[in-house]
K.L.:
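The structure under discussion is supplied below as structure tokens; questions concerning it will follow.
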Amino acid sequence: MSAPEPQQALIDRLVADAQPVRRLWPPAARLGLWAGLVAVMLALVAWRHGWPFGAAVRPASLPAELLCAGLATAACALLALRAAIPGRAAGRGALLATAGLAVLPLAFWLHDPSPQTALPLAQFVAAGVPCAIMTALLAVLPLASLLWAVRRGAPLNPRRAGVLVGGGGFLAAYLLMRVFCAVDDPSHLMIWHVVPVALGIGLCAGLGGWWLARWRATPP
Amino acid sequence: MTSSDDEATSRQGRARRAELMGAAQAGDQERYRELLLDISPMLTRFLRRWASHPQDLDDLTQETLIAVHRARHTFDPARPLEPWLFAIARHVAADHLRRQATRLARELPVATLPEVAALDPGDEAAALRRLEGALAQLPAQQREAFELLKLEGVSIAEGAARAGTTTGALKVRAHRAYRALKAMLGGDR
């Protein structure tokens, strides 16, 4: 069997360059490792600040909300890991279902808001800024590890992969913050928890479009 | 040969390719060469629809082979090679089309551009579908003028001869095609 001359020359070069490569683990195994990391972080936050389910002041729907957020986090991370493998990227249906799952936690506190008194603006800001900062800080480890895991692959749609990585990392941070922060007021949650997550995901889309696209320029 | 024989041969071929890539991942250069020689004609056939002339087709095939080489660690030998391979080929082809559209748009005699700026750079499949869809919607004469002058790159005189029209008429058709493509690809942003 032979190829046209320019292709033959290229094949010769590629074959000469063919060193053994470390195969990627299956997405489910990599997700398991990543979820383990998030679980350890969750346990540390709960150990430091107390598990919120026993507290009478927290909304009754909090466990269901956390479950939804956890599922959305895992779904985003799994789709991000799959996006790094050619031919395994999620279809439109899976993406829409994940997006729906990601906004579902909002429905719990929008539908059944905890009765809390409105704070003056200065107090509202003073209580919220640390939450936004903590959200960003808590996102660093899950985000960096997921970004690294996806970058190890070959994402064919880097921007979408970036959104999914951002979704995984920042939804994990949202989950941790819902345990860490005892304020259940919807306006606080929307401004200081949800907006940082949305901004973070937007930033990750840009970062993904740039950094995750570089796999074609560099060897594995 | 019966259709069940064909199917069995094709199944064996698929299994063989996956096995060859598995060996290539382990550094077996001979089997890697065998695989690349086997997939090159497949890729050329697959990429033909995106290439306007033989040089483009050759470039696309080579670019895809390089991308396959760089992504080879992502292949799982327990799965068939073809979906993995053609996903990479589609990505390379979409990238090529986007670059080509950028180049064409720069040549347009209009000030604002370009079709590509309206496309999401991360969404290759959508970009590809939009461009193909827009080209398909053009009237036959405009599409022909656009393909002759911009995709095949022939001279206006040669293009007019091949289209059986005058150079002036061909230029008008091509210009209308540019405007229509711009409206279709950029009009919804």
K.L.:
Using atom types as modelled and distance alone, determine if a side-chain donor or acceptor of B/Q25 lies under 3.5 Å from a backbone N or O of A/V21.
P.N.:
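Looks like no, no N/O pair under 3.5 Å.
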
K.L.:
Does any backbone or side-chain atom of A/A205 lie under 4.5 Å from a heavy atom of chain B? Answer side chain, backbone, both or neither.
P.N.:
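A/A205 has no heavy atom closer than 4.5 Å to chain B.
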
K.L.:
If I take atom NE2 from residue B/H73 and atom CD from residue A/Q19, how far apart are they, to the nearest 0.5 angstrom?
P.N.:
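The distance works out to 15.0 Å.
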
K.L.:
How far does CD1 of B/I66 sit from CZ of A/R13, to the nearest 0.5 angstrom?
P.N.:
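So the gap between those two atoms works out to 6.0 Å.
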
K.L.:
For A/R23 versus B/G22, what's the shortest heavy-atom pair and its separation?
P.N.:
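Here A/R23 and B/G22 meet closest at NH2-O, 4.0 Å.
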
K.L.:
Report which part of B/F75 has an atom under 4.5 Å of a heavy atom belonging to chain A: side chain, backbone, both, or neither.
P.N.:
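B/F75 touches chain A through backbone heavy atoms alone.
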
K.L.:
Measure the shortest side-chain to side-chain distance between A/Q8 and B/L37 over non-hydrogen atoms and say whether it is less than 4.5 angstrom.
P.N.:
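In contact.
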
K.L.:
Below 3.5 Å, can you tabulate the donor-acceptor pairs from side chains in residues 161-170 of chain A to any protein atom, sequence neighbours excluded?
P.N.:
none

K.L.:
Using non-hydrogen atoms and a 4.5 Å limit, figure out which bit of B/V92 sits close to chain A: side chain, backbone, both or neither.
P.N.:
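Contact with chain A involves both backbone and side-chain atoms of B/V92.
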
K.L.:
Name the option with the most non-hydrogen atom pairs under 4.5 Å to chain A; the candidates are B/V68, B/T61, B/T74.
P.N.:
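The residue among B/V68, B/T61, B/T74 with the greatest pair count is B/T74.
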
K.L.:
Can you name the nearest heavy-atom pair linking B/A67 to A/W215, along with the distance?
P.N.:
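Answer, listing the atom of B/A67 first, then A/W215: O-CZ3, 3.7 Å.
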
K.L.:
Atom CG in A/D12, atom CD in B/Q29: separation rounded to 0.5 Å?
P.N.:
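Atom-to-atom, A/D12:CG and B/Q29:CD are 11.0 Å apart.
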
K.L.:
So which of B/T44, B/D76, B/L85, B/D58 has the biggest tally of heavy-atom pairs under 4.5 Å with chain A?
P.N.:
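Heavy-atom pairs under 4.5 Å are most numerous for B/D58.
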
K.L.:
Counting only heavy atoms closer than 4.5 Å, note whether B/A26 contacts chain A via side chain, backbone, both or neither.
P.N.:
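Looking at B/A26, just its backbone touches chain A.
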
K.L.:
In terms of heavy-atom proximity below 4.5 Å to chain B, should A/R22 be classed as side chain, backbone, both, or neither?
P.N.:
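Backbone only.
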
K.L.:
Sequence neighbours excluded and cut-off under 3.5 Å, please list the side-chain donor-acceptor pairs for residues 69-91 of chain A, or say none.
P.N.:
| unit_1 | atom_1 | unit_2 | atom_2 | d |
| --- | --- | --- | --- | --- |
| A/T73 | OG1 | A/A69 | O | 2.6 |
| A/R82 | NE | A/R88 | O | 2.9 |
| A/R82 | NH2 | A/R88 | O | 3.0 |

K.L.:
Using heavy-atom distances under 4.5 Å, tell me whether A/L10 contacts chain B through its side chain, its backbone, both, or neither.
P.N.:
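Side chain only.
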
K.L.:
What do you reckon, is CH2 of A/W25 surrounded by more than 12 foreign heavy atoms closer than 6.0 Å?
P.N.:
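No, CH2 of A/W25 has 12 or fewer neighbouring heavy atoms, counting only those of other groups under 6.0 Å.
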
K.L.:
Minimum heavy-atom separation for A/L156 to B/H91, with atom names?
P.N.:
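In this case the closest contact between A/L156 and B/H91 is O-ND1, 3.1 Å.
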
K.L.:
Looking at every heavy atom in both B/H69 and A/L14, which two are closest together, and how far apart are they?
P.N.:
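It is CE1-O, 3.3 Å.
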
